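Reading through the structure tokens given below for one structure.
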Amino acid sequence: MKRTTMKNAPDLTKAASQPRPASAPSAMPASPVLGDLSRRISGMNGNTITLPVCGREVKFTLETVPAGRVERATMVWAGNERDQQLLNTAALDDLIPSFLTSGQQNPAFGRRINGVIEVADGSRRRMAAIITDSEYRVLIGELDETQMAWLSQIGNDYRPTSAYERGKRYARRLDSDFNGNVSKLAEAECISRKIIMRCMRTAELPREIVGLFSNPNELSARAGEALAKAYEAHPEAMMALTQRLAR
């Protein structure tokens with residue numbers, strides 16, 4: 001795969017030789033559910049394990065996708081709210097050093113669809129494997145859409161998505177599940193109506209503007225709302241400035 005150089009991206013060779021900072025997230029997931037799954041996986045014997053997913057026991061088989069084939073042999077489940085086009089070396093700086101020094105630490109979760117592995121939880125690890133040309137380990141089981149959604153969500157609970165990405169999901173749910181009723185959506189999401197609106201306004205920004213940030217999580221919902229208002233008032237000027245900053 002042809003590599004492109006991204007301005008201000010971390011030096012991968014340099015990163016491989018440097019220790020992780022003391023403030024880096026620990027290997028133990030913050031989510032209790034994900035933590036329980038990780039503990040079970042760490043104690044598995046052989047390449048199969050049975051885990052509960054949405055109240056049903058699922059038998060998973062651990063498969064390793066060879067380096068160089070990850071992008072072709074796998075895909076991210078369509079319901080995953082993380083924007084894959086915003087995953088670059090800067091956004092993955094918590095994963096890339098360990099991928100370069102010791103490989104993938106925790107397997108992803110997914111299923112096989114028409115010969116391709118569809119990933120529910122592990123899209124960041126997938127992109128880190130692609131960028132570093134590493135093997136990619138996935139626990140594959142027979143999963144339905146509800147289970148794929150559950151696995152995807154617990155992964156996002158551990159490493160939260162950005163206001164921009166959440167806003168995209170809120171907008172979809174508002175249209176498909178709540179007939180435009182923001183208050184009902186806010187109640188279902190257990191979050192304030194104001195935050196819902198700010199995230200959806202942030203999601204109206206062109207991806208090129210969000211992509212100026214080294215990590216989309218750097219753009220808060222409040223700041224995203226302000227940028228969206230500026231873009232709405234001066235779209236051509238904003239895009240021209242975005243192109244200059246990107247260069």
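Residue numbers run from 1 in the order of the sequence given. As the structure is a prediction and not an experimental result, all values here were calculated from the model.
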Value for CD1 (Ile96) from OG1 (Thr101), rounded to nearest 0.5 Å, stands at 11.5 Å
> Going through the distances and angles, do Tyr231 and Met239 end up as a side chain to side chain contact (heavy atoms under 4.5 Å, CB included)?
Replying inline: CA-CA 8 Å; Tyr231 176 73; Met239 289 308 297; 3.8 Å; yes
So does Arg111 pair up with Glu145, basic N to acidic O under 4.0 Å? yes
Q. Is a donor on one side and an acceptor on the other found under 3.5 Å between the side chain of Asp175 and the backbone of Gly180?
A. no
*asked:* A quick test of your reading: do over 12 heavy atoms of other residues, nucleotides or ligands sit less than 6.0 Å from CD of Glu236?
replied: no
Problem set entry | Any side-chain donor near an acceptor of the partner, Arg126 and Thr74, under 3.5 Å | yes
*Side-chain (Arg124) to main-chain (Ala91) donor-acceptor, under 3.5 angstrom*: yes
Note: Glu135 and Phe99 closest approach over all heavy atoms is O-CE2, 4.3 Å
Those residues at least two apart in sequence (or on a different chain) that pass side chain to side chain donor-acceptor pair (under 3.5 Å) with Glu142 are none
Just checking, is any N or O donor in the side chain of Glu208 or Thr242 under 3.5 Å from an acceptor N or O on the other one?
no
- Task: Indicate, with yes or no, if Val76 and Ile140 share a hydrophobic cluster defined by side-chain heavy-atom contacts under 4.5 Å among Ile, Leu, Val, Met, Phe, Trp and Tyr.
- Result: no
*Check: Ser98 side chain, Leu95 main-chain N or O, donor-acceptor pair, under 3.5 Å*: yes
Check: Under 6.0 Å from the CZ atom of Arg56, do we count more than 12 heavy atoms belonging to anything else shown?
Finding: yes
* Run the numbers on Glu187 and Cys190 for side chain to side chain contact (heavy atoms under 4.5 Å, CB included), then give the verdict. => CA-CA 5 Å; Glu187 182 179 343; Cys190 298; over 6 Å; no
Would Leu174 and Ile196 count as a side chain to side chain contact (heavy atoms under 4.5 Å, CB included) if you check the C-alpha gap in whole Å, the side-chain angles of each, and the deciding distance to 0.1 Å?
CA-CA 10 Å; Leu174 183 65; Ile196 292 279; over 6 Å; no
Check whether Glu165 reaches the backbone of Ala163 with its side chain - one donor and one acceptor, N or O, closer than 3.5 Å.
no
Fill in: Intermediate values then yes/no, side chain to side chain contact (heavy atoms under 4.5 Å, CB included), Val138 and Thr64
CA-CA 6 Å; Val138 190; Thr64 300; over 6 Å; no
Heavy atoms of Pro216 and Leu86 approach each other most closely as CB-CD1, 3.9 Å
Those residues at least two apart in sequence (or on a different chain) that pass side-chain contact (heavy atoms from CB on, under 4.5 Å) with Ala149 are Trp77
query = Using 4.0 Å as the upper bound for N to carboxylate O, is an ion pair formed by Lys168 and Asp83?
reply = no
Using only atom types and a distance under 3.5 Å, with no angle test, would you say the side chain of Asn47 pairs donor to acceptor with the backbone of Thr61?
no
Check: Can Val119 be reached from Leu92 by stepping across I, L, V, M, F, W or Y side chains whose heavy atoms are under 4.5 Å apart?
Finding: yes
### Query
Do any N or O atoms from the side chain of Gln153 and from the backbone of Trp150 form a donor-acceptor pair under 3.5 angstrom?
no
Correct closest heavy-atom pair for Leu205 and Gly224 would be CD1-O, 3.9 Å
Requested in this report: Any chance you could lay out the side-chain hydrogen bond (donor to acceptor under 3.5 Å, both in side chains) test for Glu81 and Thr161, step after step, and finish with the verdict?
Outcome: CA-CA 8 Å; Glu81 73 179 54; Thr161 52; 2.4 Å; yes
TODO: Say whether Glu218 and Ser214, considering side chains only, have a donor N or O and an acceptor N or O under 3.5 Å apart.
DONE: yes
Nearest heavy-atom contact between Asn88 and Ile131 is C-CD1, 4.1 Å
### Message
Test side-chain hydrogen bond (donor to acceptor under 3.5 Å, both in side chains) on Asn156 and Arg82; report intermediate values, then the result.
### Response
CA-CA 8 Å; Asn156 289 342; Arg82 200 176 297 281; 3.0 Å; yes
For residues Met148 and Glu118, determine if any side-chain heavy atom of one lies less than 4.5 Å from a side-chain heavy atom of the other. yes
Nearest heavy-atom approach of Leu62 to Pro107 is CD1-CB, 3.8 Å
Salt bridge Arg201-Glu204, side-chain N to carboxylate O under 4.0 Å
yes
- Task: Consider only side-chain N and O atoms of Gln84 and Ser123, and report whether a donor and an acceptor are under 3.5 Å apart.
- Result: yes
Quiz item: If we only count heavy atoms from C-beta on, is the Asp94 to Arg159 side-chain gap below 4.5 Å?
Solution: yes
* Under 3.5 Å, side chain of Asp121 to main-chain N/O of Ser152, donor-acceptor pair present? -> no
Rounded to the nearest 0.5 Å, the CD1 atom of Ile209 sits from the OH atom of Tyr164 at a distance of 9.5 Å
Between Ala108 and Gln104 the two heavy atoms that sit nearest each other are N-NE2, 3.5 Å
If the threshold is 4.0 Å, N to carboxylate O, is there a salt bridge linking Arg169 and Glu189? yes
